[in-house]
Amino acid sequence: MHKYRTGDKTQALLQSHRRYFRDGLRYESVKAKAEANGLVTPMQLLVDRAEGDFVWDLDRRRYIDFQNGWATNPLGNCHPEIIDAVHSAQKRYGYHWEHPLRLELAARLTDVLPAGLSRVSFEVSGTEAAEAAVHLALCYKQARHIVSFTSSNHGEGLGTNMLSAYSSDNNLYMEAWAGGVIKAPYPYSTAIPAGMSEAQYVDYCLWYLEKHIPGYIASAENIAGILIEPGLAEGGNWIPTTAFMQGLRRICDDKGWLMIADEVLTGMGRTGHMWGVEHYGVEPDILVFGKNLSGGIEPCAGIAARDEILGDNPRASSGSTFAGTPAGCAAGLKTLEIYRRDGVVEQASALAERARSRMADWESKYGIVNQVRGLGLLIGVAFTGLEGAEGGNDAAISIARSVRHAALGRGLWAICESEPTVRLYPALTMDEAILVEGLDILEEAIAEVEATVESGGQLLGDYPAIPSGVVGF
Ligand SMILES: Cc1ncc(COP(=O)(O)O)c(C=O)c1O
């Protein structure tokens, strides 16, 4: 693991600027502690240049890009047509709120949104959009509560932090701000209590929503809706079952609650359909979009809802100064045009099949691989300690981070944060040969880390470990 090191130029720039950034004060002590324990600090990366399926760091090393700007580059890095469209909009409008592109983009979006969602409102980020969706739901239903799920992530604002739930630490010191949020269990497969089958656990989670919450936590009339990611992205790329998603829709219908799908990450083709909800045959009442709509260049996010929800709801005002910038809307319009012209969602679906077949035997071949899972090109490889080894989840996280580190050292950029999962978000149009080359590198990294674990060698980081390379950034 020691052979993979941050490049000299990158290291020097990070070192000299660490004093300006969040958590910079604790970087040296965390690093020293890790090293004292014979552990390795993670490679860090600063992008010097990005193009198509690749990025290059300040030390001129090339990486295949599965990190994808945190899943925001559906067409690969620096797509020239998107850049041209963004530049034209900037030259023509600079920044004004009152420009025609936002109207055009709203119309184009409704062409591709689930049929009932005929109205759109823009925001800058996914965070703002998720908060706008909740605000809209509360005002429309004139109710005080929203149900959200454990392990979910809806953003980093005060409101979205309250709705999100990576762990019990998530809301520490902010508990008082979360008064209206009710958290429910998300039925992901490794959280199944002993003695329960997956189907029983799904039934339990639905029962919790349908009976337990209205029976013991808040009256049904005072609940506005359920906010769900149709694939838990930041929480580890978990995919819910169709039974769960359809059960959720049925409960919302029965109780008069709104189903709010946060498709910031799962939307716009990431899962192999335009929207994640399409996999389950359900239609939400409000849908949150962002990330991919930017075409990888300029932020653009928002919400869509049925006419009666968003068409006449003056209390639910939203849309900050820079919501729906001319450049962001131009990026969105060009992105949608390319999606249609080039069959981007179909390409994503075919590419996902190739990825699935390439990774098909990893679970049986490697003891440290717990699960290869995903939907379309939302792919996660979850790790576990070797049978009989100590350390539990911490060990698994260290293994996952070590795999990400070894992959980075070999020229593949992927994500690993607080879950024992390496997450992969290739561009939806990635060249198939490059996708396979990236997966070859990942497999080499897995094999190397497995051999390291078997021989009792050094893994990455101290645990609680240095996250995926951004402490002190
Ligand atoms: C499902 C989901 N919702 C909301 C957000 C927040 O979006 P943004 O980071 O653009 O504010 C994210 C970000 O990762 C996300 O994955």
Side-chain angles (χ1 to χ4, degrees), residues 22 66-74 121-137 146-166 170 181 183 186 188 225-240 245 259-271 275-277 279 284 286-304 318-325 327-328 331-332 335 374-380 414-419 421 423-425 467-468 470:
R22 190 176 70 174
F66 283 2
Q67 204 267 8
N68 197 252
W70 298 93
T72 60
N73 295 333
S121 177
F122 292 111
E123 304 291 340
V124 181
S125 65
T127 298
E128 282 183 326
E131 294 191 356
V134 168
H135 188 188
L136 176 67
I146 288 285
V147 178
S148 69
F149 291 94
T150 49
S151 295
S152 63
N153 169 52
H154 300 287
E156 295 292 341
L158 190 53
T160 38
N161 260 314
M162 299 302 97
L163 293 154
S164 303
Y166 290 135
N170 211 185
V181 180
K183 296 269 171 59
Y186 196 99
Y188 53 78
I226 302 182
L227 174 66
I228 180 138
E229 288 175 77
L232 270 189
E234 299 276 341
N237 284 5
W238 292 101
I239 308 303
M245 292 298 283
M259 179 176 178
I260 309 167
D262 181 347
E263 295 254 16
V264 167
L265 201 146
T266 50
M268 296 278 303
R270 172 54 57 196
T271 67
W275 306 105
V277 286
H279 290 275
I286 302 176
L287 184 147
V288 189
F289 56 81
K291 292 209 187 244
N292 273 355
L293 185 61
S294 72
I297 305 297
E298 193 66 24
C300 192
I303 55 174
S318 63
S320 57
T321 305
F322 288 109
T325 61
T335 302
L375 201 56
L377 291 174
L378 181 140
I379 304 169
I415 297 176
C416 176
E417 289 195 291
S418 50
E419 288 281 315
T421 308
R423 291 156 54 209
L424 317 175
Y425 299 115
S468 57
V470 290

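Heavy atoms only: backbone and side chains are in, while hydrogens, waters and symmetry mates are out. Whatever order the structure lists them in is the order used to number ligands and atoms, beginning at 1.
In terms of the side chain to side chain contact (heavy atoms under 4.5 Å, CB included) criterion, residue partners of His135 (sequence neighbours excluded) are, by chain and number, Cys139. Thr421 meets the side chain to side chain contact (heavy atoms under 4.5 Å, CB included) test with Arg373, Ala382, Glu419, Arg423; sequence neighbours excluded. Remark: Thr266 pairs with Pro230, Glu263, Thr271, Leu378 by the side chain to side chain contact (heavy atoms under 4.5 Å, CB included) rule, at least two apart or across chains.
Inspection of the Glu128 and Ser320 side chains reveals an N or O donor paired with an N or O acceptor under 3.5 Å. Side-chain N/O atoms of Glu131 and Thr160 include a donor and acceptor closer than 3.5 Å.
Under the 30°/60° scheme for interplanar angles, the aromatic rings of Trp238 and Tyr188 are found to lie parallel.
Protein residues with any heavy atom under 4.0 Å from ligand 1: Ser125, Gly126, Thr127, Asn153, His154, Gly155, Glu229, Glu234, Asp262, Val264, Leu265, Lys291.
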